[in-house]
Amino acid sequence: MTFFYHAYGLNLESELELPELVSSKPTGGGADIQVIIGDISKNGLSEGRQIAPYIWVGPDQFWLNVPNVAHFLVSEGRHITVNPEPDIDMDSVRVFLLGSVLGALLFQRGMLVLHGNAIEVGGGCLVCVGPSGIGKSTLTAAFVERDYRVLADDVVLIDSSSMAIPGIPRIKLWQDVADRLGICTDDLPRIRPSLEKFNKPLEHAFCDKPKKVLQICKLSHHLNDRVTISPVTGVNKFNLLRANTYRRRIMAGMGLGPQHLKQCGELAAQVSMARVRRPKEGFKIDELVDALIHHSQTVG
C-alpha cells in the first residue's frame, strides 16, 4: 500500500505509514520524495566516507545506522530507503525517519534548516532556536495553549525569501513538560514505546501556510530571576544561525558548508535577531511567553 503526505512544501509518496504528517492526494506529476522499504548495505557507502560511528556520506547520499532500529539511505534529495530491523516497532523507525533522515534530505535539496520552532505572530512568524533541553517544545506548547498557531517544532525550514515553511503538525512533549502545562497525555501516543515522550497533534493549531520570519530568538538561561531580551547584531547574527543549524555536523559532513555559509549570510541580512535569557531555576513559562509576544509586536 502507498501513502501520500505533504510536509515542508514537498509531496511525499511512502510505503511506510507516517501518521504524524499531513495526508494528501496522489500528485499527477510524481512525488518530490519517495520513501520505500528495501535492502541497504550494512557497511556504509562504497563511494563515501564515515563522519561518525554510524553515519556515512557520499556524493548526494547519506547513510545512517540506528542500532537495533533500522538502516536508512537518503539519495539525491528525493529518495529515502528504510531497512528496519526484524520485529522493531514502526514508532521507533519514524522517530529517526522524520528527524535526522528527513533533515539530511532537506540539506541535499539545498535548504536552510534550523533547530527550533516557528510560531505565527502578527501576520508573520517568530522563530525560537536553541540547544536540546532549553525549552523550545515547552514554549511551543505554551503558545498553543494561548491559541497561537505553529508552523514547525524542532525542525524549521526557511527558504531564500526568509519564509518559514510549514513542517510536521505535532509537538513532542516529555511527561514532565506536559504535567507542568496541565496537558493530559493519557490519549497521546508515545514517540517510542520505551520513552515517556509523546506526540501531541497540533490539529487546528497548525499553520499550514508559509509565513515571513519577523524575528529569530536564541533561547538560553541565566541566574537572573527575570526574562531578558537583547538584540543580536553584526557578525553575531551570522554566528547564531550557524550554531543553531539543525544537525550541523551532518550538513558539514555532506560538503555543504560553502552553500550554508551563503544562506546564513543572506538570512542574517534580512531578519532581526535577539538573545532571550530565561531564569535557570523555576522555568517561568508564562513570563517567557509574555516577553516574546511583547517583543514580537515591537519588531513586527
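The figures here come from the full heavy-atom set of this structure, side chains too, leaving out hydrogens, waters and symmetry mates.
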Please examine the side chains of [Y] and [X], heavy atoms only from C-beta on, and report whether any two atoms are closer than 4.5 Å.
{"X": "Asp32", "Y": "Leu12", "value": "no"}
{"X": "Glu196", "Y": "Arg190", "value": "yes"}
{"X": "Val113", "Y": "Tyr8", "value": "no"}
{"X": "Gln61", "Y": "Leu45", "value": "yes"}
{"X": "Pro166", "Y": "Cys207", "value": "no"}
{"X": "Ile51", "Y": "Arg49", "value": "yes"}
{"X": "Glu287", "Y": "Asp290", "value": "no"}
{"X": "Ile80", "Y": "Ile36", "value": "no"}

Checking [X] side chain against [Y] main chain: does a donor-acceptor pair fall under 3.5 Å?
{"X": "Arg277", "Y": "Ser220", "result": "no"}
{"X": "Asp159", "Y": "Ser162", "result": "yes"}
{"X": "Gln50", "Y": "Ala52", "result": "yes"}

Closest heavy-atom contact between [X] and [Y]?
{"X": "Lys197", "Y": "Lys172", "result": "CE-CB, 3.8 Å"}
{"X": "Leu157", "Y": "Met111", "result": "CD1-CB, 3.1 Å"}
{"X": "Val227", "Y": "Pro279", "result": "CG2-CD, 4.1 Å"}
{"X": "Gly253", "Y": "Val57", "result": "O-CG2, 3.1 Å"}
{"X": "Phe3", "Y": "Glu15", "result": "CE1-O, 4.1 Å"}
{"X": "Asp89", "Y": "Pro193", "result": "OD2-CD, 3.2 Å"}

(request) Identify the residue among Asp91, Leu173, Val95 that makes a side chain to side chain contact (heavy atoms under 4.5 Å, CB included) with Ile191. (result)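 Exactly one pass, corresponding to Val95.
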(request) Would you mind telling me which of Asn65, Val82, Thr81 makes a side chain to side chain contact (heavy atoms under 4.5 Å, CB included) with His71? (result)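 Answer after filtering Asn65, Val82, Thr81: Asn65.
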(request) Return the orientation label for the Phe96 and Phe72 ring planes: parallel under 30°, perpendicular over 60°, tilted otherwise. (result)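 Tilted: the ring planes of Phe96 and Phe72 meet at 30° to 60°.
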In Å, rounded to the nearest 0.5 Å, how long is the span from [atom1] of [X] to [atom2] of [Y]?
{"X": "Phe4", "Y": "Leu21", "atom1": "CZ", "atom2": "CG", "result": "13.5 Å"}
{"X": "Asp153", "Y": "Ile171", "atom1": "CG", "atom2": "CD1", "result": "5.5 Å"}
{"X": "Arg242", "Y": "Leu114", "atom1": "CZ", "atom2": "CG", "result": "13.0 Å"}
{"X": "Thr140", "Y": "Leu202", "atom1": "OG1", "atom2": "CG", "result": "8.5 Å"}
{"X": "His221", "Y": "Leu288", "atom1": "NE2", "atom2": "CG", "result": "12.5 Å"}
{"X": "Ile168", "Y": "Leu98", "atom1": "CD1", "atom2": "CG", "result": "4.5 Å"}

Does the side chain of [X] come under 3.5 Å of the side chain of [Y] through a donor N or O and an acceptor N or O?
{"X": "His115", "Y": "Thr245", "result": "no"}
{"X": "Ser92", "Y": "Arg192", "result": "yes"}
{"X": "Thr185", "Y": "Gln175", "result": "yes"}
{"X": "Arg247", "Y": "Ser100", "result": "yes"}

For the hydrophobic clusters of this structure (ILVMFWY residues joined by side-chain heavy atoms under 4.5 Å, transitively), does one cluster hold both [X] and [Y]?
{"X": "Met90", "Y": "Ile37", "value": "yes"}
{"X": "Val155", "Y": "Val35", "value": "yes"}
{"X": "Leu126", "Y": "Val271", "value": "no"}
{"X": "Val22", "Y": "Val150", "value": "yes"}
{"X": "Tyr148", "Y": "Ile183", "value": "yes"}

(message) As a quick check of understanding, evaluate salt bridge (charged side-chain N to carboxylate O under 4.0 Å, His left out) for Asp286 and Arg146, giving each step before the final call.
(response) CA-CA 10 Å; Asp286 289 329; Arg146 296 200 189 189; 3.6 Å; yes
(request) Please test Arg180 against Thr138 for side chain to side chain contact (heavy atoms under 4.5 Å, CB included), starting from the C-alpha separation and ending with a verdict. (result) CA-CA 9 Å; Arg180 185 184 304 142; Thr138 306; 3.9 Å; yes
(request) Show the numbers, then the answer: is there a side chain to side chain contact (heavy atoms under 4.5 Å, CB included) between Asn83 and Lys42? (result) CA-CA 10 Å; Asn83 188 358; Lys42 301 296 178 67; 3.6 Å; yes
(message) Salt bridge check, Asp154 against Lys136: does any charged N sit closer than 4.0 Å to a carboxylate O?
(response)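 Result for this pair is no, no salt bridge flagged.
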(request) Salt-bridge test for Asp187 and Lys200: reply yes if a basic N is under 4.0 Å from a carboxylate O, no otherwise. (result)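 Result for this pair is no, no salt bridge flagged.
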(message) With a sphere of 6.0 Å drawn around CG of Asn43, does it hold more than 12 non-hydrogen atoms of other residues, nucleotides or ligands?
(response)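 Count not over threshold, so no.
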(message) Please determine whether side chain to side chain contact (heavy atoms under 4.5 Å, CB included) holds for the pair Met273 and Leu240, giving the CA-CA distance in whole Å, both sets of side-chain angles, and the decisive distance to 0.1 Å.
(response) CA-CA 9 Å; Met273 302 183 195; Leu240 184 152; 4.1 Å; yes
(message) side chain to side chain contact (heavy atoms under 4.5 Å, CB included), that's the test. Do Leu267 and Leu112 meet it? Break it down for me.
(response) CA-CA 9 Å; Leu267 183 59; Leu112 175 61; 3.6 Å; yes
(request) Only counting residues at least two apart or in another chain, list the ones meeting side-chain hydrogen bond (donor to acceptor under 3.5 Å, both in side chains) with Asn236. (result)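 Asn236: no side-chain hydrogen bond (donor to acceptor under 3.5 Å, both in side chains) contacts found.
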(request) With sequence neighbours left out, write down each residue that passes salt bridge (Lys or Arg N to Asp or Glu O under 4.0 Å) with Lys211, or none if nothing qualifies. (result)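 Glu120.
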